[in-house]
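What follows is a short report on a single structure.
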Amino acid sequence: MTTTPANDPPVSAWTTAPIVLRSTKAETPGVFTAEFEFKCEQDAARFASRPGQFNMLYCPGYGESAISLSRVCENSQRLVHTIRSVGDVTNRLARLKIGEIIGLRGPFGNGWPDFPDDLQHLIVVGGGIGLAPLRPVIEQFLASHMATRELTVLVGARSCEHLLFAGEYQSWRDSGATVIATVDRSAPEWKGEVGVVPALIDRLNIRDPAETQLFACGPEIMMSYSATAALDRDIPRDNIWFSMERHMNCAIGHCGRCQFGSHFICTSGPVFRYNDVQQLLTIHGL
Amino acid sequence: MTSPLFLPVAELPKLLARLLELGYKVIAPTIDQEAIVYSEIQSVEDLPRGWTDEQEPGHYRIKPTSNDRYFDYVVGPHSWKKYLFPPLQLISRAISGEEGWTFETCSDAPEQLAFLGVRACELAAMKIQDRVFLDGAYVDTGYQRRREGSFVIAVNCSVASPNCFCTSMNSGPRCKTGFDLALTELDDGMFVEVGSSRGQDVIEPLSLHAATTQHLNSAENLYARTVSQVSKHLNTDDLRNRLMSNLNDGKWDSVAERCLSCTNCTMVCPTCFCSHVSEVPSLDETVVERQRKWDSCFNLEFTAVHGTPVRNDVRSRYRQWLTHKLATWHDQFGESGCVGCGRCITWCPVGIDLTVEVNAICGGES
């Protein structure tokens with residue numbers, strides 16, 4: 001199984017498409033989901049993306065920010081991005097008014113690998129905002145694979161109010177998924193798990209580890225320990241995938257900003273096989 | 001290609017005139033602010049004839065020579081990268097209108113440039129940047145236009161500086177490919193090699209005589225003498241793996257104590273390609289230009305994610321630069337990112353010599 005190469009590059013990677021904000025939804029403190037539509041209908045096909053890819057969202061005067069797709073709407077004008085307001089650009093995005101126009105370049109990066117034919121069990125591990133690029137995988141899986149295959153979604157957050165997409169867990173369960181959420185700090189109303197995400201992997205029922213895949217996105221330390229826990233459960237190294245984050249500027253492998261060892265995250269990633277980043281993750285300040 | 005020709009020294013102006021007549025803007029070494037740099041010339045009088053440079057770690061001076069050669073020096077702080085990958089480039093523009101923002105990509109109309117005086121290490125550097133900007137999934141079309149449009153006249157080095165180590169990097173001092181014309185400056189003129197049909201077209205009307213065996217012998221003697229002057233050496237055997245297996249070595253702390261993280265090495269490096277895009281709004285904020293500018297992995301904010309730099313100390317930034325140049329560049333582009341020109345050593349304000357640091361960090365002195 002290999003990652004699928006990025007879509008054919010657009011005519012110019014610097015081509016910016018106008019997109020219009022249609023709605024916003026507050027998610028967790030500082031995190032919101034924005035739905036955009038392409039201003040020009042024909043752009044939807046040119047900028048079509050797959051789960052795990054990201055777009056550069058552009059606010060003139062502020063700059064661009066690399067934001068992953070938190071829902072992939074095929075054959076649609078809609079674009080769904082879940083954003084944490086943390087810098088100049090993302091704070092500007094948080095202040096956008098409905099109907100306002102911003103720019104978009106993309107999609108960039110490889111995206112999550114295709115599900116292999118013999119897949120039995122998919123384990124999705126999302127920490128904090130890291131669940132955002134995994135939601136399209138969850139939705140794609142639930143739409144087509146539940147009859148014979150198993151999906152486990154493990155979600156971690158600092159506290160229960162930081163659990164992303166918490167309102168959707170029940171519908172994922174209703175569609176057949178196992179969803180377990182855990183928080184670092186409990187609260188009086190919290191009845192769920194307390195502790196780190198990798199500890200949940202130790203307790204999972206994994207019938208056929210060789211046919212199990214693990215997709216993780218979140219803090220690097222969470223991903224690393226999740227991989228260790230998965231290896232302890234006999235999930236093969238090649239079946240473990242991380243989505244990595246570094247500062248992106250050009251998104252086309254020309255600016256050097258997102259370098260991580262031998263990789264430019266923007267073009268070789270953001271999704272990597274665990275084996276390709278395991279050693280690098282042990283080096284501080286790489 | 002034709003056999004080598006001989007251009008008498010008095011006829012060098014004819015070559016320049018020919019280029020100007022063909023519409024080329026000729027860029028060549030000139031003296032500015034007590035350094036030999038590259039800029040536009042109108043006549044051979046603009047070349048630093050009778051000058052040479054003196055280089056050591058953290059040291060550069062120009063001084064007159066006792067001869068009247070045109071090219072009796074090595075490389076200065078400039079490289080041809082500033083013409084092919086300009087330090088500042090307009091990428092795109094956002095325009096505010098009644099219906100909100102519209103966006104346009106910008107492309108410049110490149111001038112037709114002739115580069116006179118490109119050294120072997122610089123030819124190698126151009127090929128390395130070609131891999132970055134032309135051979136990946138995304139092509140930098142501006143770079144492509146400028147590269148294809150430029151006419152390259154190489155010059156074989158007649159001297160080497162103490163900071164040169166092109167022989168270690170297999171990039172010089174002899175110019176072998178990648179030029180339209182290559183000159184070797186002899187006592188009474190230029191030994192001329194033609195490297196392309198475009199070069200042939202340019203040189204043909206000058207009706208030069210073929211070079212004699214004596215010219216050829218003189219040129220060969222000059223190549224051998226320059227090679228013998230290269231005193232700096234970098235052991236490149238298994239260098240990628242030697243560096244990558246020493247990423248946690250404590251010796252990175254030693255260089256980090258001296259490195260000022262000033263970015264000089266990356267600015268003078270002919271292969272460094274890091275950049276960032278800045279927002280430049282008009283005063284009334286109705287037009288915002290996006291300008292791509294050279295950047296450096298030594299800048300703290302270069303790796304900032306959510307406002308926090310990943311490479312938060314000089315140690316990690318120097319390590320990133322050195323290991324990218326000499327190790328991970330191989331993984332990404334199939335070759336080293338270093339051509340052994342020595343600029344980073346000369347222009348380091350505290351005289352850090354990467355060949356010395358490599359030996360300190362992972363041994364291999366030979």
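Since the structure is predicted, the reported quantities are computational estimates derived from the model, not experimental observations. Letters A, B, ... mirror the listed sequences (proteins, then strands); counts begin at 1.
Contacts of residues 256-266 of chain A with chain B at a heavy-atom distance below 4.5 Å involve A/G256, A/R257, A/Q259, A/G261, A/S262, A/H263, A/F264, listed in sequence order. Within residues 266-282 of chain B, the residues having any heavy atom less than 4.5 Å from a heavy atom of chain A are, in residue-number order, B/F273, B/C274, B/S275, B/H276, B/V277, B/E279. Residues of residues 80-95 of chain A that come closer than 4.5 Å to chain B, counting heavy atoms only, are A/R84, A/V86, ordered by residue number. Within residues 244-252 of chain B, the residues approaching chain A closer than 4.5 Å by heavy atoms are, in numerical order, B/L247, B/N248.
Heavy-atom distances place the side chain of B/F333, and not its backbone, under 4.5 Å from chain A. Proximity to chain A is absent for every atom of B/V287, based on heavy atoms less than 4.5 angstrom apart. Only the side chain of B/R319 comes within contact range of chain A, with at least one heavy atom under 4.5 Å from a heavy atom of that chain. Contacts of B/E99 with chain A are made by both backbone and side-chain atoms, with heavy-atom separations under 4.5 Å. Heavy atoms closer than 4.5 Å to chain B are found in the backbone of A/I102, but not in its side chain. For a residue to count as touching a neighbouring chain, one of its non-hydrogen atoms must lie under 4.5 Å from one of that chain's; by this rule B/R290 touches chain A with the side chain only. At a 4.5 Å heavy-atom cutoff, B/R93 makes no contact with chain A through either its backbone or its side chain. In this structure, the portion of B/T105 lying under 4.5 Å from any heavy atom of chain A is its side chain and not its backbone. Heavy-atom distances place both the backbone and the side chain of A/E64 under 4.5 Å from chain B.
Around the CD1 atom of A/I283, the shell of radius 6.0 Å holds more than 12 heavy atoms that belong to other residues, nucleotides or ligands. Heavy atoms of other residues, nucleotides or ligands lying less than 6.0 angstrom from NE2 of B/H306 number more than 12. Environment of CZ in B/R258: crowded, with over 12 heavy atoms of neighbouring residues, nucleotides or ligands closer than 6.0 Å. When the shell of 6.0 Å around CD of A/Q42 is examined, it contains more than 12 heavy atoms from other residues, nucleotides or ligands. Annotation: B/N170, atom CG; neighbour count of heavy atoms from other residues, nucleotides and ligands within 6.0 Å does not exceed 12. In A/F32, the CZ atom is crowded: over 12 heavy atoms of neighbouring residues, nucleotides or ligands sit closer than 6.0 Å.
Contact check for B/C106 versus A/W14: no side-chain heavy atoms found under the 4.5 Å cut-off.
When the candidates B/T102, B/D295, B/D140, B/V310 are compared by the number of heavy-atom contacts under 4.5 Å with chain A, B/V310 comes out ahead. Interface summary for chain A: among B/V132, B/T328, B/V305, the most heavy-atom pairs under 4.5 angstrom belong to B/T328. Taking chain B as the reference chain and counting heavy-atom pairs below 4.5 Å, the highest number among A/H254, A/Q279, A/K39, A/R246 is found for A/H254. Between chain B and the residues A/M248, A/E245, A/E100, the most heavy-atom pairs under 4.5 angstrom are made by A/E245.
When all heavy atoms of A/A13 and B/Y138 are compared, the pair lying nearest together is CB-CD2, 3.7 Å. Here the closest heavy-atom approach between residue B/F103 and residue A/P60 is recorded as CE2-CG, 3.9 Å.
If you check the side chains of B/E301 and A/H247, you find no donor sitting under 3.5 Å from an acceptor.
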Please determine whether side-chain contact (heavy atoms from CB on, under 4.5 Å) holds for the pair B/V288 and A/Y58, giving the CA-CA distance in whole Å, both sets of side-chain angles, and the decisive distance to 0.1 Å.
CA-CA 11 Å; B/V288 179; A/Y58 173 48; 3.7 Å; yes
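With values rounded to the nearest 0.5 angstrom, B/E104 atom CD is found 10.5 Å from A/T16 atom OG1.
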